[in-house]
Number of protein chains: 2
Amino acid sequence: MVTLKDVARQAGLSVTTVSRALNAYDDVAAETRAHVERVASELGYHPNHIARSLQGTRAYAVGLVIPQLVHRYVDSFWQEFIAGVTSTCGEAGFDLVLCTGKDLHAEQAHYQRLVRTRRVDGVILCDARVRDQRISFLRQSHAPFVAFGRVLGHDDFSWVDVDGTTGVRTAVDYLLSLGHRRIGYLGTPTAFSFTHFRHEGYVDALFAAGLDYDERLILEDLDVASELQAPIMELMNLQEPPTALIACADYLAAGALRAVRSLGIRVPEDLSLVAFDDTLVSQHTEPPMTSIRQDNQLIGSRVATVLIQQLLGDGLPPSHELIQPSLVVRQSTAPLPAA
Amino acid sequence: MVTLKDVARQAGLSVTTVSRALNAYDDVAAETRAHVERVASELGYHPNHIARSLQGTRAYAVGLVIPQLVHRYVDSFWQEFIAGVTSTCGEAGFDLVLCTGKDLHAEQAHYQRLVRTRRVDGVILCDARVRDQRISFLRQSHAPFVAFGRVLGHDDFSWVDVDGTTGVRTAVDYLLSLGHRRIGYLGTPTAFSFTHFRHEGYVDALFAAGLDYDERLILEDLDVASELQAPIMELMNLQEPPTALIACADYLAAGALRAVRSLGIRVPEDLSLVAFDDTLVSQHTEPPMTSIRQDNQLIGSRVATVLIQQLLGDGLPPSHELIQPSLVVRQSTAPLPAA
DNA sequence: TTGTAGGCGTTATCAG
DNA sequence: CTGATAACGCCTACAA
């Protein structure tokens with residue numbers, strides 16, 4: 001393997017000079033630089049990344065730990081997100097180092113290792129929780145990081161998030177415009193911080209329309225393994241059942257669709273249904289679903305951009321960025337039929 | 001950021017002794033070792049992979065370059081594959097370094113950089129092509145690598161692949177058992193090596209059943225952007241149209257489903273349809289599709305295992321592993337109706 | 001059984 | 001402008 005020393009010897013210069021010549025420092029003679037570059041390429045020199053990292057400068061890599069099993073494993077969220085991260089990183093000359101952790105604790109251990117060993121220059125944190133130990137840890141260990149997802153009351157770190165509040169509010173407004181007044185709500189696990197923002201959109205929209213918040217129409221804390229059949233049945237057997245339902249995740253919408261169908265309720269004739277995420281799942285159901293769409297690749301790309309900016313220009317203030325989702329209208333929603 | 005030196009100071013020993021105690025050398029007193037281990041865990045010491053790599057020769061990382069845009073981007077293949085790779089790597093103490101390349105040339109450049117700069121110890125190569133320049137490059141640069149996908153006539157490198165031949169053959173056999181005799185075939189791009197193995201399964205099954213290979217029933221080289229409407233129409237308007245169709249990718253099956261439906265042909269009553277891949281796409285169509293299923297996470301896991309074995313025990317002979325897909329029967333296939 | 005010294009390849013610091 | 005020298009954290013002769 002060709003090292004800097006080999007190049008130095010061959011060029012009749014010191015290792016230091018060669019290093020600086022190759023790294024575009026401005027204090028080396030143009031002639032010397034040319035010579036060094038020629039020798040380096042003749043010898044087929046490539047800098048040893050490991051040594052570079054050990055030395056303490058930049059690793060030109062960012063880290064990401066993905067949960068081993070979350071609901072998102074069933075859709076293509078991570079894939080699109082990662083695609084966004086890697087392509088943006090690539091343009092900036094960074095690589096992505098990926099690990100997986102079975103739980104939050106394991107995730108944190110990975111983050112610790114990655115930054116401590118200088119394997120990466122900074123990390124990306126996903127699925128921000130309401131009380132997130134990982135964030136406290138990263139902050140206190142002075143590891144540059146950017147989170148996908150905000151945490152209420154903590155703006156001392158950079159984050160990129162989807163404006164779930166506006167997303168849900170837009171969807172509810174749309175249902176209202178179709179004449180619906182009894183709108184049910186299926187919420188994601190409350191541990192995730194995005195859950196609360198989405199919920200807020202629902203409340204806001206009802207309030208703006210002067211409608212009551214009826215707790216009986218709300219199902220909360222539903223994860224991918226939740227059994228929806230029974231609660232949905234209860235919901236639809238109310239004195240005044242909802243005429244529309246907004247499900248805060250695709251998997252909930254798909255589950256609700258199956259549940260109501262088994263009750264003989266037709267979508268969208270008897271019940272309108274809106275999903276959130278707009279992955280392949282909601283696009284391929286029958287009928288295809290009206291859904292709040294977030295561009296996962298864009299999210300990954302923005303998170304990476306913010307992190308790299310933070311890494312290159314250091315000491316930048318925390319940046320906060322809200323990405324707007326959009327409502328994709330398909331065939332699972334319809335005007336409220338005249339009673 | 002606790003280092004060996006910190007542990008040594010705290011334990012009142014030299015760095016050397018601590019290092020040996022922690023690395024299970026047999027020339028340290030049992031008592032000393034216990035003491036060192038206690039101090040190390042109290043301080044939360046974790047060895048620095050980077051430093052370790054520098055003096056040894058292992059980076060404890062493997063590389064993977066994913067194509068920027070291929071048909072697989074629309075399903076969750078990469079996500080599942082990556083999940084398998086990272087979890088297996090993690091267990092062995094390796095990280096995954098991920099890049100993306102817009103074309104094969106860019107991919108190759110990334111592989112070159114990763115191995116030359118010692119950023120990784122070996123790489124994973126995906127989507128093997130019939131004539132794959134990346135493979136020649138990796139072989140000649142002596143970079144340890146494992147491919148997902150074989151290339152006919154090249155067994156001098158390690159690969160893991162899905163037995164597409166048996167997969168398709170099983171599906172055709174199933175259709176035959178339902179009474180079908182006119183079975184159409186929709187093939188993936190011929191540049192991919194798996195295309196040919198799948199095709200072989202089709203031919204084998206027909207031959208074994210004593211049926212003719214009718215070129216009019218075969219559509220080949222269809223990618224995700226292929227317009228299926230016209231060719232499918234032609235296919236179904238034959239004197240003796242097929243009564244069943246086997247599509248060698250989920251996206252082809254979904255496209256075919258739309259195309260035949262627009263012709264007023266019902267699935268499975270008028271036409272049986274089998275897909276390949278069994279991603280969410282084929283699971284959520286109406287009707288849900290009978291599909292040849294491959295376990296993408298398992299594939300990733302096996303590829304990583306083989307690569308790491310190769311890395312740790314060096315000089316191992318190339319290993320070849322064929323993973324069996326399985327046929328998942330759903331509602332897109334039915335017995336041939338009595339004419 | 002333990003400690004000392006040297007080096008893996010690179011870059012930062014400071015002298016010349 | 002260029003070159004010694006000292007790290008980075010770890011391992012491994014070799015010496016004590």
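Order of the sequence lines sets the chain letters (A, B, ...), proteins ahead of strands, with each chain counted from 1.
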What is the distance from [atom1] of [X] to [atom2] of [N], rounded to the nearest Å?
X	N	atom1	atom2	answer
Arg20(B)	dT4(C)	CZ	C1'	11 Å
Tyr60(A)	dT10(C)	OH	P	15 Å
Tyr45(A)	dG9(C)	OH	P	10 Å
His49(B)	dG9(C)	NE2	P	20 Å
Leu22(A)	dT11(C)	CG	P	8 Å
His35(B)	dT2(C)	NE2	P	12 Å
Arg52(A)	dA12(C)	CZ	P	10 Å
Asp27(B)	dG3(C)	CG	P	12 Å

Answer with base, sugar-phosphate or nothing: what part of the nucleic acid does [X] contact at a heavy-atom distance below 4.0 Å?
X	value
Ser53(A)	nothing
Arg118(B)	nothing
Thr117(A)	nothing
Asn48(B)	sugar-phosphate

About how many Å separate [atom2] of [Y] and [atom1] of [X], when rounded to the nearest 0.5 Å?
X	Y	atom1	atom2	value
Tyr111(A)	Cys99(A)	OH	SG	8.5 Å
Asp95(B)	His49(B)	CG	NE2	7.5 Å
Arg119(A)	Tyr60(B)	CZ	OH	10.0 Å

Positions of residues 2-18 of chain B (non-hydrogen atom under 4.0 Å from DNA chain D), listed by number: Thr3(B), Leu4(B), Thr16(B)
Terminal contacting nucleotides, 5' and 3', DNA chain D versus chain A (heavy atom, 4.0 Å):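 Footprint of chain A along DNA chain D, 5' to 3': dC1(D) to dG9(D).
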Axial cation check for Phe157(B) ring with Arg139(B), 6.0 Å and 45° limits: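 Output no; distance or angle outside limits.
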Tyr45(B) atom OH, neighbour heavy-atom count above 12 within 6.0 Å: yes
N or O in side chain of Tyr25(A) less than 4.0 angstrom from dA12(C) OP1/OP2: yes
No-hydrogen, no-angle side-chain donor-acceptor test under 3.5 Å, Ser87(A) and Thr100(B): no
Side-chain donor-acceptor contact under 3.5 Å, Gln112(A) with Ser141(A): no
Contact check, side chains of Val97(A) and Val123(A), non-hydrogen atoms, under 4.5 Å: no
Mutual orientation of the aromatic rings belonging to Trp78(A) and Phe81(A) [parallel < 30°, tilted 30-60°, perpendicular > 60°]: perpendicular
Base dT10(C) paired with Gln55(A) side chain (donor-acceptor, <3.5 Å):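 Absent.
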